[in-house]
Amino acid sequence: MKKRNRRGLSERNLGYLLVLPAMILILVIAIYPVVRSFWLSLYDVRLNDPTKLETHSNYGIDVERYANSMPFLISSLNKEIGKAEEGNKDRLTSAKEKVEKARSVLESNPQLAEQYKKVDEILFEGKNVPENLQFVELQEEKAQEATQLITEARKELKALEKAEALDQPKRVVGLSNGLLSSFIEPNFVGLKYYEKYFKDPRMWDSLNNTVVFTVISVALELVFGLAIALLINRQFFGRGLVRASVLIPWALPTAVAALMWKFMFDGQNGVMAKIFTDLGLIPDMGTLLTTKFWSMFAVIFADVWKTTPFMALLLLAGLQTIPNNLYEAAEVDGASKIQQFFKITLPMLRTTILVALLFRTLDAFRVFDLIFVLTGGGPANATETISVYAYKTMFAQMNFGAGSALAVIVFFCIAIISILFVKLLGRDLISDGSGK
Amino acid sequence: MRKNAGVLFYFFLAVFLIAVLFPFLWVAVTSIKPPGELFGADAFKLIPDNPTFENFVKVFTLRPFGSYLWNSTVVAVVTTAYCIFVASIAAYAIARLKFRGKSLILGIVLAVSMFPQIATISPIFMFMQNVGLTNSYLGLIIPYTTFALPLALWNMTNFFRKIPYELEEAAKMDGATTWQALWKVIFPLAVPGTFTTAILVFIAAWNEFFFALTINTDENMKTVPVGIALFQGRYTIPWAEISAAAVIVTIPLVIMVLLFQRRIVAGLTSGAVKE
């Protein structure tokens, strides 16, 4: 540090003050969601089940649903009793008594009684129920007693429905279902999802696919990238133009690149499929995207096309920092080109290669766009990576708890890879500038 | 840069350039093919018999591609502007001011930039749904912070560190106040690095797929990458229209890359190479 600390304490505080907004944003928008993902993965959260939209640690009741079903159920049961035949009257009455008992059990909770009144008025006026009135927490015994009473009553009503003894069977049974679905049970499942995925062959397959994709594509990108960097690390005509054309695949949205390749790999009209067939690599054009091996090949091919230029640029920048006199000295000492490459180029490029590998490995490991667009994970999950599996679990099955568990698995894999690389890189990666 | 280029060199260079550029060429050819020439033997012709711009018209008339472009532009511009603003302040502090914990801060920033998006999506999606921000610009701008801010902060810190301290000192010696030194000396020198970072952030935000796919599902709120990827045909995938859309996306990209290639390369390599 050449600069003297003139402002003393105030410079330090100014520093913290200026860094604060960025750190708060990162904390709230990036770090908190990861922690929250882990939290969600411990619960059975499903966005297609109204009682499981959130994490619930306790028993509770949805007051709006309750107000929309309980009073109407009782009044329609009264009507049914009035219309029922003699033999069924007793059965209906006992069902109604059970529901009423459940009601008195529940509304002995003063908070529910009070909130119910308010919500009822709001609903009567046709307004939306505010969030803070929506739920009431219940004691476990009371919730279970009420649930059991209503379940018994519903059983009775269903039997009567079957016997065609009800005047408005759909309404009565529907209301009893609605009433039951207003109960919220705790959906904490602990590490159950992790246990489940640990035994899930599809999870292991997708993890395996991810590793295969990552290792092969990153290795190929490194080899090709290095070759290209060595190739263009010299003076030649049209250097700028070459550099610009190399940047275009990198700058193109991955989704669009994936689509272009999907078109060229197409089994009927794909030009690459045709070229591969003509070369005798594949028996017929359809093979590329319909077989296990070749679909993985196609995905890796597209990724190598898209990211090798990026790799080449990073390595080229690294090559340009190697002082020329090292090579001149080696030349004088009679070292061959190959010796120069292994004794000078590779050791001098070590940090650059490791940094490039780190970023590429992490990018490849969390691959989503390319595979989602190019193969959708198919055929028969042959190219499904773990991110794609997690996405499908969340957004196709709406199973956010289980999907979060998969996402957390991805997170930990990424964390392990990063730690390994950072260990290899040491403090080269993060230096605060004071050492320079 | 000691070697001179020979014939063999130009041969390899040509092979490499063809490999890189062939897909673009092919897509450009497909985009001007009429429907009849997309299938069968015609599908592999390099020069269409009856070139047409019909596919480009269709992209805008039959599909809300104009909205996709507008949505992507708004989201990418706002994300870039706000992340650059927040990051430049923090990067200035990290690069120029003396305080403890910088390594920790940079470590956190780097770690966050490695986060997989999938690990943040469930809480972010549930939050957006609860507050009604799905299918809105803000619904994408907020989660885009997760990658844009670390990217901006990391790059700008690297750039700002290269501005020599002596200049600021000299300005102060000449009687400039801290703010004058900042405004008249540091700021002009910081412009190139800021601009380069802005290009990188903009491209990252423009290309983002995962959040856009999950959060903005409404047809009129989709961004370009998601919109094109989900182009639907009645019977088959509309490859000609997809090609036309891909060409439309690629042209501004080519222009941008041609104009700013030096800056982009500097930005991409600033973290990886220590000078």
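Reckoned from all heavy atoms, side chains included, excluding hydrogens, waters and symmetry mates. Each chain gets a letter, A, B and so on, in the order its sequence line appears, and its residues count up from 1. Treat the numbers as computed from the prediction; the structure is a model and nothing was measured.
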Check for a donor-acceptor pair, side chain of [X] on one end and backbone N or O of [Y] on the other, with a separation under 3.5 Å.
| X | Y | answer |
| --- | --- | --- |
| A:Arg366 | B:Phe115 | yes |
| B:Ser122 | A:Phe400 | no |
| B:Asn207 | A:Ala251 | yes |
| B:Trp26 | A:Phe263 | no |
| B:Gln261 | A:Gly240 | yes |

Determine whether B:Trp239 and A:Phe265 satisfy the following criterion, ring-ring contact (aromatic ring centres under 6.0 Å, His included), listing intermediate values before the conclusion. CA-CA 12 Å; B:Trp239 288 123; A:Phe265 288 147; over 10 Å; no

With B:Leu259 via side chain to side chain contact (heavy atoms under 4.5 Å, CB included) - residues at least two apart: B:Ile255

Is it the backbone or the side chain of [X] that comes under 4.5 Å from a heavy atom of chain B, or both, or neither?
| X | value |
| --- | --- |
| A:Phe372 | side chain |
| A:Lys262 | both |
| A:Leu406 | neither |
| A:Leu313 | both |
| A:Leu231 | both |
| A:Leu252 | both |

So side-chain hydrogen bond (donor to acceptor under 3.5 Å, both in side chains) across residues 244-256 of chain B, not counting sequence neighbours, yields none

Non-hydrogen side-chain atoms of A:Met260 and B:Ile242 separated by less than 4.5 Å: no

Do A:Leu14 and B:Phe99 have side-chain heavy atoms sitting under 4.5 Å apart? no

What class does the angle between the rings of A:Phe395 and B:Phe210 fall in, given that below 30° is parallel, 30 to 60° is tilted and above 60° is perpendicular? perpendicular

Taking B:Thr30, B:Leu230, B:Asn130, B:Leu200 one by one, which has the highest count of heavy-atom pairs under 4.5 Å against chain A? B:Thr30

Within a reach of under 6.0 Å around CZ of B:Phe127, are more than 12 heavy atoms found that belong to other residues, nucleotides or ligands? no

